[in-house]
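Notes for the one structure printed next.
Below, chains carry the letters A, B, ... as their sequence lines are ordered, and counting in each starts from 1.
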Amino acid sequence: MDFSLEPRTPGCLILTPIFCILHMKNTKNDLTDLPKQYNPSDAEDKWYAYWEENGFFHSEPDGREPYTVVIPPPNVTGVLHMGHMLNNTIQDVLVRRARMQGKNACWVPGTDHASIATEAKVVQKLRKEGIKKSDLSRDEFLEHAWAWTEEHGGIILQQLRKLGASCDWDRTRFTLEEELYDSVIDCFIDLYERGYIYRGLRMINWDPQAKTALSDEEVIHKEVQSKLYHVEYNIAGSDESVTIATTRPETILADTGVCVHPEDERYRHLIGKTVIIPMVEREVPVIADKYVDPEYGTGCLKVTPAHDVNDYEIGQRHGLDVIDMFHEDGTVSEAGIFYIGEDRFEARKRIVKDLEKSGQLVRVEEIRNKVGYSERTDAVIEPRLSLQWFCRMKELAEPALENVMNGNIRFHPEKFTNTYSHWMENIRDWCISRQLWWGQRIPAWYFGDGDDEYVIAKTAEEALRKAREKSGRELTKDELRQDEDVLDTWFSSWLWPITVFNGMKEPDNEEISYYYPTQTLVTAPEIMFFWVARMIMAGYAFRGEKPFSDVYYHGIVRDEKRRKMSKSLGNSPDPLELIARYGADGTRVGMLFSSPAGNDLLFDTALCEQGRNFSNKIWNAFRFLSMNMEEDESYTPSREIDPESLADRWMESRLHQTVLAMDRDFDRYRLNEALQKIYSLIWDDFCDWYIEMIKPEEQGANIPKQRLERALGFFESLMKLLHPFMPFLTEEIWHRIRNRSKTDAIMVSEWPKADPDSVDTDSLELFRTVQQMVSAVRNIQAEMGISPKQTLNLTLKPKNSILADKLAGAEWIFRKLLPAGSFTVDEAASKPGAAAAAVVDGSELYIPLEGLIDLEKERERIQKEIDNTKGFLTSVEKKLGNRQFTDNAPEDVVERERNKQSDATAKLEKLNALLAELGV
RNA sequence: GGGCGCUUAGCUCAGUUGGUUCAGAGCACCUGCCUUACAAGCAGGGGGUCACAGGUUCGAAUCCUGUAGCGCCCACCA
């Protein structure tokens, strides 16, 4: 195996390796170099190349705490779809944040050889070229497969770069590369020696299209409309007959018995007699077994041990013959006697006709039943008796179950532990051999005439030695035959967190010791059994330790109609087109906005649009700040706030508040909530209020230098908090805000520290009052139809003197946000005649509107307020009037209600007074 | 057949320990604004019996029981 995953770069994906440090232009109001709209594609390739060139993605073991994530390896020949987009966006957000927190973040990328899927694709491709797989030798076929893999392999990894994935590309692995291949073989041998792996004749799930055995997990049961055929079987040596119901009449040809319930009076007399199978005229015994449900069908069961799991078991119990009537491709074999060479479903049609002709088809009933389909080929699964390799699971499952149930491994959302435990408690042996060529070949070597004698060995040499030892014969190399089959893909994937660090071959190497156990696995619940559960088992089996601490299950990406996005439906947007249209950042935000853990994502491009708009908002916020820079002046963003400025104190508090909340969200894997918080902080708080407040007093003037530097300081922190979600834009802004050294990237900057002491609740509260007052004025402007430019004289009547001082100090804010002519704060103010008024938080505000006011409208406004307040007050008073409440509720709750009551009462009084002044 | 989950504004969904205007957010919608960062924008606004029926409690979107509808997982009923 000499396959290197050197990324092959398709033309459309060439990354621009050109990088130049951007210098901020301090050209006042010269916006020629800053377009009004943010253009993501310019920035994205540039910054990705920058990150890669500076080795920011690469991790080496060191003294820091590791944060390791292994990618769920996509199929090597796959292309990026929306599911990958979501999966990898989430991983990237987690990894980027961990990196900024100072952890040694290591995200290991790679691809999966996807045995059955890839082989199917290669077979299909060869068929188009007129080559049948059966015409090729194993080696010839593998050559084609490798060629295909090299041609298509790694495209998906290139595409992940477009998304911004901060994978450690130096660590890219492939499940079929030599080291991993070897590890899988070692694993097989080890489990064999420990007694977990055995070879046996079992009823397995056969895929007649792929011509291979499958595990139980690869069978999908679907409910379908079927026909239940009632067929008459004659009793030998009598005129009597029994009617038997079956959904698969073609298998009549392989019947070797008829079974009834031992206590079924209708059929008791038949037990021990002989029945003649229709068509083939074979005489088979009538047996009794409690398995039969007398209520179902006719209460009489035909037994086909070779083609049904239950029938096989019944056959075993009663010593029935086993007649296998199908070839491996599902066509009828010689053993079927009739319809030889016909497909199973064709044979079914024909036998129904023939039975009808012979008068043995009694009736046909429409029913709904479950039929198993191959997960990969969608072929109807044929239960088939076959010699396969199995892995015994019960003991392996024990620690895997225990450590999830006791919280050592946490699932997010937690509800999936139920599904997991249910499966683990009922786990069955795993069929691990596949009749394919693309995969790790089973290291079993047969000698002698049959398949009974074999040894397990890694190499032919070793096998020969062992075989000689075991047989006591001087065997030659030619007498050894290696098993033709390969291992289930998942038999290599379950080692992924170990083998990417070479932990099978060198269990104590520095890397595995440092990076393992990994931290978070991000995947879909669909593959919980295929992969997650098995990785946990392998973790304990081979390292005595969990493979990861947390599993984040995300949902399926669906379209607006809740249909799963798929190629065949054609309802899946091309991720690269989305990135081209909305930017990688916009697309990432769109994916995360509506995607709490565990929930399906109803994808809508409107969400990406929102993400793109957000990019533009940030871009323009930066554009505005840069407009205010003096030419030839250098600016150093500052996190020293002006303690005199309410705007600064408030913004500082909001920042710390948000960091605290985001950290909590991240700890609980609520990524969308963390995103929404930083989104709102930037848009609603920083842009809509903070920037508005620091705008220059006069047109044409610039924001004073220190104030601008503080704004830039805030902006930098905001960009850091946003970086895990929108890596490209934030990096772009980061470098534009100030000239930086080549290695000073936001992606390796420090995540803001959450400090509860920096949350100044007084300032938050005061600013909230100011906001409400400003909004009240704006409401009056809107409702009265007053132009926002119309100068207003503003009088505030605060509820107390402390607030009076504070509001007086905030005059500049009111003036900045409102077209205030005069501004008065007076505890003893009385309302001017023709004025609009509002009550905010116990304080009043008046706007004289001589000539502008519509008294009737104003009355309506006030009356509406009164009605609302009254409603609120009565509900509070009702509560307080209830003795049960005041006696039983905690003191502070009652106290709160009392406060509400007095506040509302006061407000109501004021409003009534205002209304009275307006006259009736 | 067994298990798990969901039902909150037109749509998609938050709502943690039952108690702060808790009935919210985004989108959509309505009104007014091209206010020199941003119309991909700004300001203002309307909209919900929290699926239904009971119960526990001073108090329920939140806890319990039942009903209906929907979804998912598991299972060998011909």
(request) Convert the base pairs of RNA chain B into dot-bracket notation, remembering that pairs crossing earlier ones are written with [ ] and that bases paired across to another strand are shown as |; include only Watson-Crick or G-U pairs under 3.5 Å. (result) (((((((..((((.....[....)))).(((((.......))))).....(((((..]....))))))))))))....
(request) Please work out if A/Leu301 contacts a base, only the sugar-phosphate, or nothing of the nucleic acid, heavy-atom cut-off 4.0 Å. (result) base
(request) Check whether any side-chain nitrogen or oxygen of A/Tyr296 sits under 4.0 Å from OP1 or OP2 of B/rA78, and answer yes or no. (result) yes
(request) Could you measure between the two C1' atoms, the one in B/rU17 and the one in B/rC33, and give it in whole Å? (result) 46 Å
(message) Let's test your reading of the model: under 3.5 Å, does the base of B/rA37 pair with the side chain of A/Gln37 as donor and acceptor?
(response) no
(message) By the 4.0 Å heavy-atom rule, please label A/Ser680 as base, sugar-phosphate, or nothing.
(response) nothing
(request) Return no unless some side-chain N or O of A/Trp683 is found under 4.0 Å from OP1 or OP2 of B/rC42. (result) yes
(message) Considering every strand and a 4.0 Å limit on heavy-atom distances, what is the contact class for A/Arg778: base, sugar-phosphate, or nothing?
(response) sugar-phosphate
(request) Rounded to whole angstrom, note down the P distance from B/rG26 over to B/rU65. (result) 36 Å
(request) Quick one: sort the A/Trp423 and A/Phe529 rings into parallel, tilted or perpendicular, breaks at 30° and 60°. (result) parallel
N/O-N/O pairs, protein side and nucleotides 4-6 of chain B side, under 3.5 Å:
none

(request) Return the minimal non-hydrogen interatomic distance between A/Ala254 and A/His307, and the atom names on each side. (result) CB-CD2, 4.0 Å
(message) Nearest to the A/His422 side chain among B/rG2, B/rC77, B/rA37, which nucleotide is it?
(response) B/rG2
(request) Choose from B/rC76, B/rG45, B/rU12 the nucleotide whose nearest atom is closest to any side-chain atom of A/Asn310. (result) B/rC76
(request) Classify the nucleic acid contact of A/Phe593 as base, sugar-phosphate or nothing, counting any heavy atom under 4.0 Å across all strands shown. (result) nothing
(request) Answer yes or no: does a side-chain N or O of A/Arg562 lie under 4.0 Å from OP1 or OP2 of B/rU12? (result) yes
(request) With P as the reference atom in both, quote the distance from B/rA23 to B/rG3 in angstrom, rounded to an integer. (result) 38 Å
(message) Just to be sure I understand the rule, does A/Asn779 reach a base, reach only the sugar-phosphate, or reach nothing, if contact means heavy atoms closer than 4.0 Å?
(response) sugar-phosphate
(message) Taking 4.0 Å as the cut-off, does a side-chain nitrogen or oxygen of A/Lys617 come that near to OP1 or OP2 on B/rA40?
(response) no
(request) Answer with base, sugar-phosphate or nothing: what part of the nucleic acid does A/Arg664 contact at a heavy-atom distance below 4.0 Å? (result) nothing
(request) Can you tell me, in whole Å, how much space there is between the C1' of B/rC29 and that of B/rA9? (result) 12 Å
(request) Let me know, please, whether A/Lys370 or A/Leu625 comes out on the 5' side of the other along RNA chain B by nearest nucleotide. (result) A/Leu625
(request) With sequence neighbours left out, write down each residue that passes side chain to side chain donor-acceptor pair (under 3.5 Å) with A/Arg664, or none if nothing qualifies. (result) none
(message) Please give the distance between the C1' atoms of B/rC30 and B/rU67 as a whole number of Å.
(response) 39 Å
(request) Rounded off to whole Å, could you give me the CD-to-P distance for the A/Glu609 and B/rC11 pair? (result) 21 Å
(request) Sequence neighbours left out, what passes side chain to side chain donor-acceptor pair (under 3.5 Å) with A/Lys816? Give chain and number order. (result) none
(request) Rounded to whole angstrom, note down the C1' distance from B/rA61 over to B/rC13. (result) 14 Å
(request) Assign A/Cys687 to base, sugar-phosphate, or nothing according to its heavy-atom contacts below 4.0 angstrom with the strands shown. (result) base
(request) Whole angstrom is fine here: how far is it from CG in A/Asn616 over to P in B/rA40? (result) 9 Å
(request) Identify whether any heavy atom of A/Asp688 sits under 4.0 Å from a base atom; if not, whether one sits that close to sugar-phosphate; answer base, sugar-phosphate or nothing. (result) sugar-phosphate
Expected rows: protein N/O vs nucleotides 61-63 of chain B N/O, under 3.5 Å:
none

(message) For A/Ile204 versus A/Cys431, what's the shortest heavy-atom pair and its separation?
(response) CG2-SG, 4.1 Å
(request) Could you tell me whether A/Glu365 contacts a base, only the sugar-phosphate backbone, or nothing, with contacts defined as non-hydrogen atoms closer than 4.0 Å? (result) nothing
(message) B/rG41, OP1 or OP2 - any side-chain N/O from A/Asn613 closer than 4.0 Å?
(response) yes
(request) Evaluate whether atom CZ of A/Arg317 has more than 12 neighbouring non-hydrogen atoms of other residues, nucleotides or ligands under 6.0 angstrom away. (result) yes
(request) Applying side chain to side chain contact (heavy atoms under 4.5 Å, CB included) between A/Pro305 and each of A/Ile314, A/Leu320, A/Asp255, report the one that passes. (result) A/Leu320
(request) Could you encode protein contacts along nucleotides 16-32 of chain B as a string, one character per nucleotide from 5' to 3', using B for base contact, S for sugar-phosphate-only contact and - for no contact, with a heavy-atom cut-off of under 4.0 Å? (result) B--BSS----S------
(request) Check the distance between B/rC77's P and A/Leu228's CG and give it to me in whole angstrom. (result) 14 Å
(message) Given B/rG45, B/rC76, B/rA37, identify the nucleotide with an atom nearest to the side chain of A/Tyr291.
(response) B/rC76
(message) Once you measure the plane-to-plane angle for A/Phe715 and A/Phe686, does it fall in the parallel (<30°), tilted (30-60°) or perpendicular (>60°) bin?
(response) parallel
(message) Which label fits A/Tyr553 and A/Phe411: parallel for a plane angle under 30°, tilted from 30 to 60°, or perpendicular past 60°?
(response) perpendicular
(message) Between B/rA28 and B/rG66, how far apart are the two P atoms, rounded to whole Å?
(response) 42 Å
(request) Kindly compute the distance separating CG (A/Leu578) from CE (A/Met591), expressed to the nearest 0.5 Å. (result) 8.5 Å
(request) Just call it for A/Val292: base, sugar-phosphate, or nothing, with non-hydrogen atoms closer than 4.0 Å on any strand. (result) base
(message) Quiz question: going by heavy-atom distance under 3.5 Å, is there a donor-acceptor pair between the base of B/rC38 and the side chain of A/Lys36?
(response) no
(message) Can you measure A/Leu675 atom CG to B/rU12 atom P for me and round it to whole angstrom units?
(response) 20 Å
(message) B/rA40, OP1 or OP2 - any side-chain N/O from A/Ser615 closer than 4.0 Å?
(response) no
